[in-house]
Amino acid sequence: MSCCCIAGSSWLTTPKFITNAAARSFRTSSPMASYSRRWYNPERRGRIDPAPEIVRHWVEADALPGGQHHAERFTVVSYNILGDRNISNHGDLYRNVPPNYLDWNHRRRVICEELLGLNPDIICLQEVDKYYDLLNILETAGYLGAYKRRTGGSVDGCAMFWKADKFQLLEGESIEFRQYGLRDNVAQLSVFEMREAQSRRLVVGNIHVLYNPSRGDVKLGQIRFLSSKAHILSEKWDHVPIVLAGDYNSTPQSPIYKFLSSSEQLNLMLHNRKELSGQRRCHPSQVLGLRRERGSLFVLMDRFFNSRWSEEEMNVAIGAPRSHIAMHPLKLNSSYAIVKGSLTTRDDGGEPLATSYHSKFLGTVDYLWYSDGLTPTKVLDTLPVNVLKKTGGLPYKKLGSDHLALVSEFEFLEVVGDRKEATEDHAIS
């Protein structure tokens with residue numbers, strides 16, 4: 001475990017408040033040359049489509065039973081902002097994106113304008129490799145920050161920011177999955193207390209799960225470990241509610257999603273390790289109906305011959321030798337699945353049709369999970385697939401990443417049953 005940021009920096013960063021004029025100074029124009037010709041997008045096949053209008057709408061949740069509402073609300077953002085280094089390392093994913101949209105100066109401006117416009121209380125970012133560029137901007141708006149860089153050769157990591165006048169950090173913890181044989185990904189866990197309502201506390205987690213679609217064992221291991229650590233922190237602070245944000249690199253149709261959303265045990269013997277995340281069926285040509293699935297017989301043979309799990313893979317996924325049943329200790333819901341959107345933006349289960357789009361993927365992998373003690377009051381809806389399709393791929397003019405930011409407002413609920421109500425005094429000794 002590590003409770004620090006990258007070498008040479010501390011967990012906390014003191015906010016600095018400046019004038020509005022100075023706060024606008026980050027709007028630096030991109031050094032990239034302007035282009036007089038329209039960028040060629042081969043997917044448009046010669047058609048000149050009008051630039052799509054990027055508009056996202058808030059969707060309100062249904063009223064609580066009995067009309068009960070409480071003043072203690074807070075907003076959380078989860079956003080994979082696309083690491084600058086990853087653009088150069090995976091240029092084939094962005095072949096339809098104009099270079100000026102990929103330039104970090106442009107993307108930094110767009111991302112920060114979006115975040116400051118949303119004005120969230122807690123921000124969870126993934127794929128961050130320019131942490132101090134963001135910190136210099138966000139701290140002027142009153143945010144504190146914490147950062148955990150990935151281990152190994154990667155330069156990106158996870159970052160968490162929170163409003164200093166809204167929340168106080170009680171405890172912070174970072175997870176290096178490498179220590180547990182689970183690759184170089186990292187995660188963050190923080191325990192916050194609302195400054196104006198000290199009885200209101202919560203655990204917030206932030207994770208970027210391994211991408212590799214074939215390594216469902218590692219993905220499951222990372223998610224299971226984060227859930228367990230969040231549960232331990234929640235119990236330590238008197239069973240406070242939990243929010244788990246992040247890029248889970250698993251789709252809503254996947255066994256991993258069902259494992260998280262249903263709290264049911266997952267029998268690995270019933271699943272192909274390479275199909276646990278559902279990512280292999282999300283190529284844009286498949287999603288948009290431009291390419292057919294492989295023949296059913298071939299699919300069945302592939303699943304049969306690749307469904308075997310080695311003892312090492314089982315141990316990685318479950319964390320226990322000679323076991324094939326995965327479990328996690330939390331009861332979680334997804335805020336977007338609970339607060340239903342329109343048929344143009346959501347699937348049958350209520351999840352977004354797409355939170356990420358590039359030349360090799362179109363689908364949903366980002367989530368805001370929450371536990372008992374909280375309820376989502378509204379979410380910022382995602383974009384219709386037909387609008388995303390017209391962009392040709394993200395990033396775009398007003399979208400600074402190949403992911404969309406997920407935003408949810410939560411409300412604390414009174415705790416009933418054998419436990420004490422959350423309004424009782426839990427002051428720090």
Please determine whether the number of non-hydrogen atoms from other residues, nucleotides or ligands lying under 6.0 Å from atom NZ of Lys258 exceeds 12. no

Looking at residues at least two apart in the chain, or sitting in another chain, which of them share a salt bridge (Lys or Arg N to Asp or Glu O under 4.0 Å) with Lys378? none

Is it the case that the side chain of Asp121 and the backbone of Thr75 share a donor-acceptor pair, with hydrogens and angles ignored and the cut-off at 3.5 Å? yes

Would you mind reporting whether Asn249 and Ser277 have side-chain heavy atoms less than 4.5 Å apart? no

Please tell me if the side chains of Leu368 and Ser335 come closer than 4.5 Å, counting only heavy atoms from C-beta onward. yes

With sequence neighbours left out, write down each residue that passes salt bridge (Lys or Arg N to Asp or Glu O under 4.0 Å) with Arg195, or none if nothing qualifies. none

Which class fits the ring pair Phe167 and Phe192: parallel under 30°, tilted 30 to 60°, perpendicular over 60°? tilted

For the atom pair CG (Leu202) and CG (Leu233), what is the distance rounded to the nearest 0.5 Å? 11.5 Å

Test of understanding: with salt bridge (Lys or Arg N to Asp or Glu O under 4.0 Å), list the residues that count as partners of Arg215, not counting sequence neighbours. Asp217

Donor-acceptor pair, distance only, cut-off 3.5 Å: does the side chain of Tyr357 make one with the backbone of Thr391? no

Counting only N and O atoms by type, is there a donor-acceptor contact under 3.5 Å from the side chain of Asp129 to the main-chain atoms of Val155? no

Sorted by chain and residue number, the side chain to side chain donor-acceptor pair (under 3.5 Å) partners of Asp247 (sequence neighbours excluded) come out as Asn80, His208

With the side chain counted from C-beta on, respond yes when Glu114 and Arg56 share a heavy-atom pair under 4.5 Å apart, and no when they do not. yes

Listed partners of Asn136 passing side-chain contact (heavy atoms from CB on, under 4.5 Å), at least two apart: Glu139

Indicate whether any N or O donor in one side chain lies under 3.5 Å from an N or O acceptor in the other, for Lys219 and Asn212. no

Is there a donor-acceptor pair closer than 3.5 Å between any side-chain N or O of Gln222 and the backbone N or O of Phe177? no

Enclosure of Leu270 CG (heavy-atom neighbours >12, cutoff 6.0 Å): yes

Would you confirm whether Tyr367, through its side chain, and Ser250, through its main-chain N or O, come within 3.5 Å as a donor-acceptor pair? yes

Those residues that, when tested against Arg224, pass side-chain contact (heavy atoms from CB on, under 4.5 Å) (two or more places apart): none

Less than 6.0 Å separating the ring centroids of Tyr79 and His403? no

All pairs passing ring pair (Phe, Tyr, Trp, His ring centres under 6.0 Å) where residues 311-332 contributes a residue, at least two apart: Phe259-His328

Quick one: side chain to side chain donor-acceptor pair (under 3.5 Å) partners of Tyr257, sequence neighbours excluded? Glu351

Among all residues two or more places apart in sequence or in another chain, which pass the side-chain contact (heavy atoms from CB on, under 4.5 Å) test with Pro255? Leu266, His271, Leu276

Side chain to side chain donor-acceptor pair (under 3.5 Å) partners for Asn86, two or more places apart: Glu127

In a check of salt bridge (charged side-chain N to carboxylate O under 4.0 Å, His left out) between Asp156 and each of Arg85, Arg149, Lys148, Arg150, which one passes? Arg150

CD/Glu60: more than 12 non-hydrogen atoms of other groups inside 6.0 Å: yes

Is a side-chain N or O of Trp309 found less than 3.5 angstrom from the main chain of Leu268, in a donor-acceptor match? yes

May I ask you to decide if Val407's main-chain N or O and Tyr336's side chain share a donor-acceptor pair within less than 3.5 Å? yes

Side chains of Phe74 and Leu374 in contact at under 4.5 Å (non-hydrogen atoms): yes

Over all atoms of both residues, closest heavy-atom pair of Gly205 and Cys124: O-SG, 4.2 Å

I'd like to know if the side chain of Ser78 reaches the main chain of Gly246, judged simply by a donor and an acceptor atom lying under 3.5 Å from each other, with no hydrogens or angles considered. yes

Looking at every heavy atom in both Ala61 and Pro376, which two are closest together, and how far apart are they? CB-O, 3.3 Å

List for me each residue that meets side chain to side chain donor-acceptor pair (under 3.5 Å) alongside Lys331, sequence neighbours excluded, and say none if there are none. none

Between the side chains of Ser285 and His283, does any donor sit under 3.5 Å from an acceptor? yes

Within the distance-only criterion (no hydrogens, no angle test), does the side chain of Ser359 pair as donor or acceptor with the backbone N or O of Asp92 below 3.5 angstrom? yes

Partners passing salt bridge (Lys or Arg N to Asp or Glu O under 4.0 Å) against Asp348 (at least two apart in sequence or in another chain): none

Report the C-alpha distance between Asp381 and Thr345 in whole Å, list the side-chain angles of each, state the deciding distance to 0.1 Å, and finish with yes or no for side-chain hydrogen bond (donor to acceptor under 3.5 Å, both in side chains). CA-CA 7 Å; Asp381 212 356; Thr345 60; 3.0 Å; yes

Test side-chain hydrogen bond (donor to acceptor under 3.5 Å, both in side chains) on Glu409 and Thr377; report intermediate values, then the result. CA-CA 6 Å; Glu409 180 186 75; Thr377 56; 2.3 Å; yes

Any side-chain heavy-atom pair of Glu193 and Arg200 under 4.5 Å: no

